[in-house]
Amino acid sequence: MKKHNQDAYVKALERRLAATEEENKLLKLKAEAFETAIQIAEKQFQIPILKKSGTKQSTN
């Protein structure tokens, strides 16, 4: 019976891993879509949207 419990546990972990990998894939696609939308908006409206690296935030 102990072996059966281990097998069930391993199967559950494999399903969880597959679901997590699928979620990761979708989140990467979503991030890429947002980045593309921002790049298009910056070009179309000619305004900077993303903060450039290395710049400091103003203290107003």
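Counting heavy atoms from C-beta on, the side chains of Asn5 and Tyr9 never come closer than 4.5 Å.
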Please table the atom pairs, donor to acceptor, closer than 3.5 Å between any side-chain atom in residues 23-35 and protein atoms at least two apart or in another chain.
none

Ignoring hydrogens and angles, write down the donor-acceptor pairs under 3.5 Å from the side chains of residues 41-50, residues two or more places apart or on other chains.
| unit_1 | atom_1 | unit_2 | atom_2 | d |
| --- | --- | --- | --- | --- |
| Glu42 | OE2 | Ile49 | N | 2.8 |
| Glu42 | OE2 | Leu50 | N | 3.0 |

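Cluster partners of Ile40: none. The rule joins Ile, Leu, Val, Met, Phe, Trp and Tyr whenever side-chain heavy atoms lie under 4.5 Å apart, and it links nothing here.
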